[in-house]
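Take a look at the structure below.
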Amino acid sequence: MTIVYSLFFLIFSFLLTYIFLFLFRVVLIKTGLIYIVKKKWRSIEDCFHVYQFFKVPEFNESTQRNQLYHKVLVYLNSLTSIEDSDFTNLFTGKKSNEIVLHLDQNQIIEDDFLGARIFWINEKETLVLKIRKADKRRVLRPYLQHIDTVSDELDEKKWELKLYVNVVDNHDGRKGRWRSVPFTHPSTFDTLAMESDLKNKVKSDLHSFAKAKQYYHRLGRVWKRSYLLYGPSGTGKSSFIAAMANFLSYDVYDIDLSKVSDDSDLKFLLLQSTTKSLIVIEDLDRYLSEKSTAVSLSGILSFMDGILTSSCGEERVMVFTMNGKDHVDPAILRPGRIDVHLHFPLCNFTAFKTLANSYLGLKDHKLFPQVEEIFQNGASLSPAEISELMISNRNSPSRALKTVINALQTDGDGRGALHIGRRSVEEIGEPSGAFCTEGVNAVKEFKKLYGLLRVKSSRKSQSFDLIGRQNEG
Ligand SMILES: Nc1ncnc2c1ncn2[C@@H]1O[C@H](COP(=O)(O)OP(=O)(O)OP(=O)(O)O)[C@@H](O)[C@H]1O
Ligand SMILES: [Mg+2]
């Protein structure tokens with residue numbers, strides 16, 4: 001009887017302990033106390049292990065950006081364990097309903113690799129890797145290799161591009177001269193009114209450049225490609241840069257030369273840029289002619305040569321914009337400094353039709369022949385001016401077209417009625433209808449003679465052409 005009784009007691013106490021443990025676990029999980037228990041347990045465990053620490057600083061001793069820092073950060077932000085850190089930053093992603101997580105400062109994030117537990121601590125401008133000494137030899141190298149591969153894959157489909165702008169020297173000295181904001185410019189090659197042939201040429205040029213690492217390396221050349229975009233205001237140069245960045249999934253570093261204090265400052269800005277980026281200087285001709293920058297011509301030339309970038313394995317596309325290149329020192333334009341020259345002319349009828357299709361949804365319209373004739377007569381506005389008129393009249397396509405016609409006839413803002421008749425055009429030469437033609441320019445010369453020209457016209461017509469000078473990557 002006592003045996004039965006004690007057996008019953010044993011089973012009962014087992015059951016009770018089980019129920020207690022079960023309830024205790026439920027309480028721990030429900031209240032979140034489980035995380036405190038885990039933390040405490042980990043610190044007890046830590047007492048029985050020896051750890052080694054590796055620092056990955058954002059900048060090296062010469063304040064050059066450490067590419068490994070960027071890679072590790074990209075990798076860490078992709079880990080699911082980021083959700084378990086106490087503080088995490090939430091951002092909207094590329095798509096409007098997408099939310100991405102970003103590691104906050106002073107947070108510890110855990111990772112498992114080949115059965116080893118690895119910790120990362122996000123300190124100010126440094127990421128610290130903590131690994132057990134016992135695991136180090138076996139795991140560290142393959143782990144770093146793994147980070148490199150994963151971050152490269154993630155970089156290919158970047159969740160967010162960044163626009164970096166240089167700020168005036170601050171109290172940090174030369175460190176962190178760049179400030180970044182998410183780059184969300186929606187422009188793509190599809191949305192730009194340009195000859196599709198030219199767009200395809202640019203796309204394949206960029207594509208083959210991005211794949212030409214070994215080629216550049218073999219030649220012992222810096223892996224960079226430079227574009228010059230030149231043409232009047234409002235012809236789509238900045239939109240084109242955005243389209244390039246979106247196409248390549250590259251961050252944009254937009255250098256404001258007025259905020260650069262001297263040549264060496266410009267060098268530092270380049271050194272602090274990351275690989276796979278577009279380095280942009282807009283309105284270079286203006287800075288050079290007005291001398292509104294403290295940077296010298298030789299400073300700009302050595303910047304364009306890109307010899308300062310840390311290794312040949314880092315790809316960069318440089319883009320310079322100008323209103324015209326006629327008065328620019330030929331040293332700037334020489335092959336090797338500028339690989340591809342792209343001319344952005346004022347609107348012609350072909351470009352107009354693309355804009356009408358995009359902005360008004362019009363493939364054809366009874367007013368098109370009239371518009372075509374006006375273009376043939378040499379009138380032109382920038383795509384920016386035409387698109388603005390279309391946007392503000394988008395509810396009535398006919399009204400939009402009439403407004404555009406009116407603007408073209410008054411040369412945009414009525415500063416001189418432009419009614420060049422067919423005869424006078426024929427005297428000068430019929431425009432060919434290409435994007436930028438000798439004919440159109442001849443008409444512009446005619447208009448200029450009579451003081452009617454209102455935009456800074458590119459005098460030499462070079463058609464909307466891609467001139468790959470060299471380095472066909
Ligand atoms: N080729 C084009 N196709 C479609 N839209 C265009 C085109 N060119 C200009 N636009 C529109 O006009 C506006 C101004 O263009 P953008 O800023 O790219 O011109 P820009 O050449 O950089 O001018 P600026 O020399 O004054 O900086 C943009 O909103 C853009 O959408
Ligand atoms: Mg611009």
Side-chain angles (χ1 to χ4, degrees), residues 163 165 183-203 227-247 252-258 278-290 292 318-328 340-363 371 375 380-394 400 403-404 407-408 412-413 433-437 440 454-458 462-466:
L163 169 66
V165 288
F183 177 77
T184 52
H185 200 298
S187 178
T188 63
F189 286 124
D190 294 334
T191 60
L192 279 172
M194 276 173 67
E195 270 179 4
S196 54
D197 192 34
L198 177 67
K199 286 189 212 177
N200 291 337
K201 273 188 190 158
V202 172
K203 279 196 233 173
Y227 281 73
L228 171 67
L229 317 182
Y230 66 100
S233 184
T235 48
K237 299 180 295 295
S238 302
S239 312
F240 190 85
I241 295 171
M244 287 171 98
N246 286 326
F247 177 75
V252 178
Y253 287 81
D254 190 0
I255 299 181
D256 181 346
L257 279 183
S258 67
L278 278 184
I279 314 281
V280 177
I281 299 186
E282 292 238 47
D283 301 321
L284 184 57
D285 55 337
R286 185 170 55 80
Y287 284 113
L288 292 171
S289 67
E290 290 174 6
S292 52
M318 290 185 165
V319 191
F320 305 93
T321 72
M322 295 180 187
N323 275 4
K325 56 177 185 173
D326 294 352
H327 303 294
V328 175
V340 183
H341 296 233
L342 285 172
H343 182 219
F344 286 71
L346 293 175
C347 209
N348 68 357
F349 184 58
T350 319
F352 162 83
K353 279 199 292 187
T354 314
L355 292 174
N357 191 13
S358 319
Y359 287 83
L360 304 171
L362 289 180
K363 287 221 181 303
V371 178
F375 274 115
S380 196
L381 292 173
S382 68
E385 288 167 311
I386 292 185
S387 58
E388 283 309 313
L389 294 174
M390 287 178 175
I391 288 173
S392 47
N393 293 288
R394 63 185 177 279
T403 321
V404 171
L408 282 166
D413 54 12
F435 248 58
C436 173
T437 65
V440 168
R454 85 177 251 289
V455 287
K456 280 177 263 164
S457 155
S458 54
Q462 300 208 352
S463 83
F464 217 94
D465 203 7
L466 173 98

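These numbers come from the heavy atoms of this one structure, side chains and all, not from hydrogens, waters or symmetry mates. We count ligands from 1, going down the list as the structure has it; atoms in each ligand are counted the same way.
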Pairwise side-chain contact, [X] with [Y], heavy-atom cut-off 4.5 Å (strictly under):
X	Y	result
Thr191	Ser358	no
Tyr359	Arg394	no
Thr321	Phe344	no
Leu257	Ile255	yes
Met318	Tyr227	no

Pairs of nitrogen or oxygen atoms, one from ligand 1 and one from the protein, closer than 3.5 Å: please tabulate them with distances.
from     : atom 1 : to     : atom 2 : distance (Å)
ligand 1 : 1 (N)  : Ala193 : O      : 3.1
ligand 1 : 3 (N)  : Ala193 : N      : 2.7
ligand 1 : 8 (N)  : Thr235 : O      : 3.4
ligand 1 : 8 (N)  : Gly236 : N      : 3.2
ligand 1 : 18 (O) : Ser238 : N      : 3.3
ligand 1 : 18 (O) : Ser239 : N      : 2.9
ligand 1 : 18 (O) : Ser239 : OG     : 2.6
ligand 1 : 19 (O) : Gly236 : N      : 3.2
ligand 1 : 21 (O) : Thr235 : N      : 3.2
ligand 1 : 21 (O) : Gly236 : N      : 3.1
ligand 1 : 21 (O) : Lys237 : N      : 2.9
ligand 1 : 21 (O) : Lys237 : NZ     : 2.8
ligand 1 : 22 (O) : Ser238 : N      : 2.9
ligand 1 : 22 (O) : Ser238 : OG     : 2.8
ligand 1 : 23 (O) : Gly234 : N      : 2.8
ligand 1 : 25 (O) : Lys237 : NZ     : 2.9
ligand 1 : 26 (O) : Ser233 : OG     : 2.5

Exercise: identify the closest heavy-atom pair between Pro232 and Pro345: CD-CA, 4.5 Å
Identified side-chain contact (heavy atoms from CB on, under 4.5 Å) counterpart of Asp285 within the set Met322, Lys325, His327: Met322
Option from Asn323, Val319, Asp283, Leu228 for which side-chain contact (heavy atoms from CB on, under 4.5 Å) with Lys237 holds: Asn323
Leu346 vs Phe375, side chain to side chain contact (heavy atoms under 4.5 Å, CB included): CA-CA, chis, key distance, verdict: CA-CA 11 Å; Leu346 293 175; Phe375 274 115; over 6 Å; no
Within-2.8 Å protein N/O/S contacts of the Mg ion (ligand 2):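 Short answer, with waters excluded from the count: Ser238 OG.
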